[in-house]
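So the structure is just underneath, and the comments pick up after that.
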Amino acid sequence: MKTTLLAAAFATVAATAAFAAPEKYVLDSGHSQIVFHYNHLGFSTGYGMFGGFEGEIMFDQEDPAKSSVEVSMPVSSMITGWQPRYEHFMSADFFGASDDKTVTFKSTGIEVTGEKEALITGDLTLNGVTKSVVLDAVLNQAGDHPMAGKPWAGFSATTTLIRSDYNLGMFAPYVGDEVTVEISIEAMKADN
């Protein structure tokens, strides 16, 4: 009898897990950053950052391949650390950025490659050009946030972009055409 009850309990748990749907998480804008860097004429490495962006993750902890992510940010939220460089990046030489011009990423597939690792393929729209990119992603941690008292998740990812693919190739190849992108985000389970 005890064995039958135990088997039934496992079957119920397995059936529930099989039908579990991804849960909506929203980005914690205050703790999510995208840092990029590129070679500057062989003399130095130039850095920049995007912060304060918005997005959501449909997170399936039981079957991460069923998860998805969508993120957007205004181009003007870029930080370069030097106002003349920022102004040049926003000019027609690069982004020709208006207040409403955005960068977006929307996942199209996730390949789980390890216990906490995955390759996230998605469409990146940057400077009016959309191309498929692959993010090499890691789940840093998922669990209850010690201060917020609700489910939270943290992820890191990297990729390399060819800036000339996005009509941002001015001064290439002297200023490196490859841009390394490092992403660190936190997301909280949505209230609804």
Side-chain angles (χ1 to χ4, degrees), residues 26-57 67-114 116-140 153-187:
V26 293
L27 292 190
D28 173 3
S29 297
H31 296 98
S32 298
Q33 303 87 29
I34 297 174
V35 176
F36 62 89
H37 58 90
Y38 55 91
N39 179 294
H40 185 258
L41 305 171
F43 294 113
S44 67
T45 300
Y47 289 89
M49 184 177 94
F50 289 94
F53 47 89
E54 298 179 351
E56 69 179 44
I57 300 169
S67 299
S68 63
V69 60
E70 193 166 344
V71 177
S72 68
M73 69 205 79
V75 171
S76 61
S77 69
M78 181 189 298
I79 300 166
T80 67
W82 190 49
Q83 190 63 25
R85 180 178 301 115
Y86 171 81
E87 290 169 1
H88 192 201
F89 282 174
M90 295 301 114
S91 77
D93 286 347
F94 290 97
F95 287 97
S98 56
D99 288 342
D100 61 348
K101 194 166 189 179
T102 59
V103 178
T104 62
F105 176 83
K106 184 174 183 178
S107 65
T108 56
I110 297 177
E111 177 190 351
V112 177
T113 57
K116 292 187 173 189
E117 298 83 22
L119 297 175
I120 302 173
T121 302
D123 292 331
L124 174 69
T125 301
L126 174 64
N127 207 32
V129 177
T130 301
K131 291 195 169 286
S132 181
V133 300
V134 178
L135 305 179
D136 192 352
V138 175
L139 169 63
N140 299 326
F155 302 88
S156 298
T158 59
T159 194
T160 299
L161 303 177
I162 305 300
R163 63 186 179 92
S164 58
D165 286 350
Y166 297 91
N167 299 322
L168 297 168
M170 180 167 266
F171 306 125
Y174 307 107
V175 175
D177 203 15
E178 286 192 356
V179 178
T180 301
V181 180
E182 300 175 13
I183 303 163
S184 182
I185 63 171
E186 293 185 25

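Position 1 is the first residue of the sequence; numbering continues from there. Only this structure's heavy atoms are used, side chains among them; waters, hydrogens and symmetry mates stay out.
- Using a 4.5 Å heavy-atom threshold, the side chains of I185 and I34 count as separate.
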> Is there a side-chain contact (heavy atoms from CB on, under 4.5 Å) between M78 and V103 once you walk through the steps?
Replying inline: CA-CA 11 Å; M78 181 189 298; V103 178; over 6 Å; no
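- The CG atom of D177 sits 9.5 Å away from atom CG of L168, with the distance rounded to the nearest 0.5 Å.
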> Can T121 and E111 be said to form a side-chain contact (heavy atoms from CB on, under 4.5 Å), step by step?
Replying inline: CA-CA 8 Å; T121 302; E111 177 190 351; over 6 Å; no
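- Contact between A118 and T113 at its shortest, heavy atoms only, is N-OG1, 3.6 Å.
- Atom-to-atom distance recorded for T104:OG1 and M73:CE is 8.5 Å, nearest 0.5 angstrom.
- Shortest non-hydrogen contact noted between E182 and T158 is CG-CG2, 4.2 Å.
- Using bins of under 30°, 30° to 60° and over 60° for the plane-to-plane angle, the ring pair Y38/F36 lands in the parallel bin.
- E178 CD: 12 or fewer foreign heavy atoms inside a 6.0 Å radius.
- Here the straight-line distance linking atom CG of L139 with atom CD of E117 works out to 9.0 Å at 0.5 Å rounding.
- At least one side-chain heavy atom of L161 sits less than 4.5 Å from a side-chain heavy atom of L124.
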>> What verdict does the side-chain contact (heavy atoms from CB on, under 4.5 Å) test give for L119 and D136, after you've listed the backbone C-alpha separation in whole Å, the side-chain angles of each residue and the deciding distance to 0.1 Å?
In response: CA-CA 5 Å; L119 297 175; D136 192 352; 3.9 Å; yes
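- W82 contributes atom CH2, which lies 10.5 Å from atom NE2 of H88 (distance to the nearest 0.5 angstrom).
- With hydrogens and angles disregarded, no donor-acceptor distance shorter than 3.5 Å links the side chain of Y166 to the backbone of T125.
- Looking only at distances, no side-chain donor or acceptor of D28 sits under 3.5 Å from a matching main-chain atom of E186.
- Of the possible polar contacts, none joining the S184 side chain to the S156 backbone as a donor-acceptor pair under 3.5 Å is found.
- Between N140 and K116, the closest heavy-atom pair is O-NZ, 3.9 Å.
- For the pair S76 and Y86, the minimum side-chain heavy-atom distance is below 4.5 Å.
- Distance OG/S107 to CD1/I120: 7.0 Å, rounded to 0.5 Å.
- Here the straight-line distance linking atom CD of E56 with atom CD of E70 works out to 6.5 Å at 0.5 Å rounding.
- For the side-chain contact (heavy atoms from CB on, under 4.5 Å) with K131, the lone residue among D165, I162, D123 that qualifies is D165.
- Using the six-membered ring where Trp is involved, F89 and F94 have ring planes that are perpendicular, over 60° apart on the 30 and 60° scheme.
- Of the N and O atoms on the side chains of K101 and N127, at least one donor lies less than 3.5 Å from an acceptor on the other residue.
- Proximity of a side-chain donor or acceptor of S91 to a complementary backbone N or O of D93 within less than 3.5 Å is detected.
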> Taking it one step at a time, do L135 and V69 satisfy side-chain contact (heavy atoms from CB on, under 4.5 Å)?
Replying inline: CA-CA 11 Å; L135 305 179; V69 60; 5.7 Å; no
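- When all heavy atoms are compared, the tightest approach of H37 to T45 is CB-CG2, 3.7 Å.
- Contact check for S77 versus F53: no side-chain heavy atoms found under the 4.5 Å cut-off.
- Proximity of a side-chain donor or acceptor of S29 to a complementary backbone N or O of E54 within less than 3.5 Å is not detected.
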